[in-house]
Amino acid sequence: MSPWGKRDDMLVHQREPFNAEPPRTALAGYRTTPPDAFYVRNHGPIPGADPATWRLTVDGLVRHRLELSLEDLRERFDEVEVTATLQCAGNRRAGLIDVRDIPGEAPWGPGATATAHWSGVRLADVLTHAGLRPDAAHIAFAAPDVSPLADPPQPYGGSIPTGKALSPEVLLAWAMDGRPLPRIHGAPLRVIVPGWIGARSVKWLTRVTARAEPSGNYFQATAYRVLPADADPGRAGPGDGISLGPIALNCDILSPDDGARLPPGPTRLTGYALAGDDRTVARVDVSLDGGRSWAQADLDAGDEPWMWQHWHTTVNLPEGEVEVTARAWDSTGAVQPESPAHLWNPKGYVNNSWARIHLNTS
Ligand code: MTE
């Protein structure tokens, strides 16, 4: 077993703090991800909090400052469950590193994406109870894990606009798949912001602050931003680049595995697509000739709005080396871009270029 109850075959990017993703095939075939295959992304030491003494502070542009225990949250607000996919903005960075090196950033593959049932209370209900003021344009989240990666080192945090914070799918969650939230995933309480980059789903939450401006935290103001290709990330400061929020349209092929040897002939392909925020996946296409011709995959029934959309199709594999490509379209008619070279950025975020695997049938 890997640390924190994860599968033995996790690709571990860092031991301290633990950063790891499962192989792509571990995600195949599951509507929700088995907890031992759920990726882990941390920026500092993992905090431990005693649920009995832990408190959540709600302050800033609210009429009543609140100090809430877990029991208060359970007693005062309705418990809700949302099935949602988290995706890290660094998912598939390895494809960008193949274009040009990205020093200091881990080469995440396709496994920084995972889905769970999350239970807790609506952030909207807590904010309403606190008497959110009309001048509150952003809701900031703070946690105790001090990250040495931040400049200067500081606890992890971030924010989302009030419009999203008041949407019913945004949760303060204490359970994952019907069990108490594991410590590595943010116990006793974390934010879940479905449809937005994983960075905004702040773990080990201790404070929710209503503000006029976005959070000034390093991970909101300086990191998780798309810098121009010629920028020096070492010199990036607050406000530089494009701040990431809603997830960009993406997809991947989950089985067969990249590099698999298979007999030629009919082969079933499966994968996922994710449109992000209020968009939905409209279509997934698959190509065996580098995108000169495409066949439509079938979208699996039963997937819910805030979770990934699974798809499958059967293709007839020719003999030899085959590159299989997939691309998704969303409900606005947008399609994934073809090449990671067009997307390369100095911190390696948002690689949503066409998914590609290589198979060998000889
Ligand atoms: N919250 C805290 N407090 N510290 C962190 O390092 N990482 C963020 C987010 N919340 C992080 C955090 C990032 S970048 C992602 S992608 C998700 O948590 C990952 O959640 P997971 O580790 O539960 O998969």
Side-chain angles (χ1 to χ4, degrees), residues 2-7 10-14 16-22 26-27 32-49 54 56 84-93 105-106 108-118 120 140-150 153-160 171-177 179-208 215 217-220 222-225 243-245 247 250 274 276 347-350:
S2 279
W4 304 99
K6 297 294 169 181
R7 301 165 54 110
M10 293 293 272
L11 172 58
V12 177
H13 293 293
Q14 202 180 354
E16 293 290 338
F18 193 58
N19 276 289
E21 65 179 304
L27 300 177
T32 58
T33 309
D36 67 350
F38 203 105
Y39 79 97
V40 176
R41 177 72 180 107
N42 293 307
H43 297 77
I46 316 306
W54 171 92
L56 176 69
T85 300
L86 292 192
Q87 182 166 83
C88 187
N91 188 55
R92 303 182 65 206
R93 179 181 289 126
E105 299 290 340
W108 289 86
T113 305
T115 304
H117 304 294
W118 307 98
F141 309 119
D145 50 324
V146 176
S147 174
L149 304 173
Q154 59 195 270
Y156 190 88
S159 63
I160 56 175
L171 298 189
L172 303 181
W174 56 68
M176 180 178 180
D177 295 327
R179 305 178 73 103
L181 197 58
R183 184 172 154 214
I184 193 73
H185 291 297
L189 194 77
R190 78 176 297 171
V191 189
I192 293 293
V193 187
W196 281 48
I197 60 162
R200 306 302 174 231
S201 290
V202 173
K203 302 191 276 189
W204 312 295
L205 184 69
T206 52
R207 184 177 290 260
V208 171
S215 165
N217 185 278
Y218 175 84
F219 295 99
Q220 180 76 40
T222 304
Y224 290 100
R225 285 175 170 262
S243 177
L244 294 171
I247 293 172
N250 217 330
L274 188 64
K347 297 277 280 181
Y349 298 129
V350 202

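Each ligand, and each atom within it, is numbered from 1 in the order the structure gives. In this chain, residues are counted from 1 in sequence order.
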Q | Sidechain-backbone polar pair: Trp204 side chain, Arg183 backbone, donor-acceptor under 3.5 Å | A | yes
Q: Please list, chain by chain and in numerical order, all residues satisfying salt bridge (charged side-chain N to carboxylate O under 4.0 Å, His left out) with Arg190, sequence neighbours excluded.
A: none
(Q) Parallel, tilted or perpendicular: which one describes the rings of Phe38 and Trp118, with boundaries at 30° and 60°? (A) perpendicular
Q: Using distance alone, with no hydrogens and no angle criterion, decide if Thr115 and Thr85 have a side-chain donor and acceptor under 3.5 Å apart.
A: yes
Q. How would you list, by chain and number, the residues with a heavy atom under 4.0 angstrom from ligand 1?
A. Phe38, Tyr39, Val40, Arg41, Asn42, His43, Cys88, Ala143, Asp145, Tyr156, His185, Arg190, Gly198, Ala199, Ser201, Val202, Lys203, Trp204, Tyr224
**Q.** side-chain hydrogen bond (donor to acceptor under 3.5 Å, both in side chains) involving Gln87 - partner list, sequence neighbours excluded
**A.** Thr113, Tyr272
Q) Does Pro182 have any side chain to side chain contact (heavy atoms under 4.5 Å, CB included) partners at least two apart in sequence or in another chain, and if so, which? A) Met176, Ile184, His185
